[in-house]
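Numbering of ligands and ligand atoms starts at 1, following listing order.
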Amino acid sequence: MAECTVCFRHCHIPEGKLGFCGGRIARNGKVEAFHYGRISSLALDPIEKKPLARFFPGSRILSVGSFGCNLRCPFCQNHEITWSEQAAAAARTAETAAPEALAELALATRQKGNIGIAFTYNEPLIGYEFVRDTARLVKAEGMVNVMVTNGTAETAILEELKPCIDAMNIDLKGFTDRYYSRFLGGDRQQVLAFIEAAVQFCHVELTTLIVPGENDGDQEMRELSRWVSRLRNPDGAGIPLHISRFFPRFHLQDRDATAVRTVLRLAEIARDNLEYVYTGNC
Ligand code: SF4
């Protein structure tokens, strides 16, 4: 049995078995990334799609995903590669790429507007060793690295990533412990601590997906935006917040898409506290 210390779950994993996220395995008494180099998706995306609105706007970034996730959001739009049975099956037959190959590809796509690599689509922190090894090479080529993450990890993990991660979009999915623990299988306090640590060393933007009946209250957005307003990015600017619209997906089909007027109303509330507020999927 070995203990994984990446996220709040601290899984105790029997030898040869996977942790809760499906992305870490116990081998020889230690826990390591099970999907190291296994690629689920690869695309040259506009940076705004991550979403990052205030980090090299107008550029493109080579976006790479793997498999697994340590949350259980019932509305996951990437469930084919995160926590469904389909994800586990797809991982078994996935192509692999070494960090060197990805860094070379990043460099080769520079003339198409690529600025580096974004680790995204599934939760990259459950395979942080691959992120670290690839990002170091990308950085050495004078390019940048981005992580799109749920922020559900111990801040100690960031010590290894700090030197090579330039920007993150971090989900701040809501602002109640109940929503995080009962609805998402997460831990809000860990996410808040992670965000506070991340803004110390890289550009951070946050994303809140508004789910009808769950996290769409005015008071919740008031408290969330007030908390975010205390933080500053390393350049001294305020933290951008992306408020986006939910659509029925995966295990959450019992309600309609978020009304556009709800997203716009919550964005107005957030603007009372924040300088940079963006709406998504509207
Ligand atoms: S990262 Fe995965 S294996 Fe590690 S504690 Fe979290 S859920 Fe468990």
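- In this structure, Phe20 has its ring center at least 6.0 angstrom away from the ring center of Trp83.
- Of all protein N/O/S atoms, those lying under 2.8 Å from atom 4 (Fe) of ligand 1 come to 1.
- Counting only N and O atoms by type, the side chains of Asn70 and Asn150 include a donor and acceptor under 3.5 Å apart.
- Here Tyr179 pairs with Phe183 under the ring-ring contact (aromatic ring centres under 6.0 Å, His included) rule; sequence neighbours left out.
- When hydrophobic residues (I, L, V, M, F, W, Y) are linked wherever their side-chain heavy atoms come within less than 4.5 Å, the members clustered with Val146 are Ile47, Leu52, Phe55, Phe56, Ile61, Ile115, Val144, Val148.
- Annotation: ring-ring contact (aromatic ring centres under 6.0 Å, His included) contacts of Phe75 (sequence neighbours excluded): none.
- Relative ring orientation between His79 and Phe250 is described as parallel, the plane-to-plane angle staying below 30° on a 0-90° scale split at 30° and 60°.
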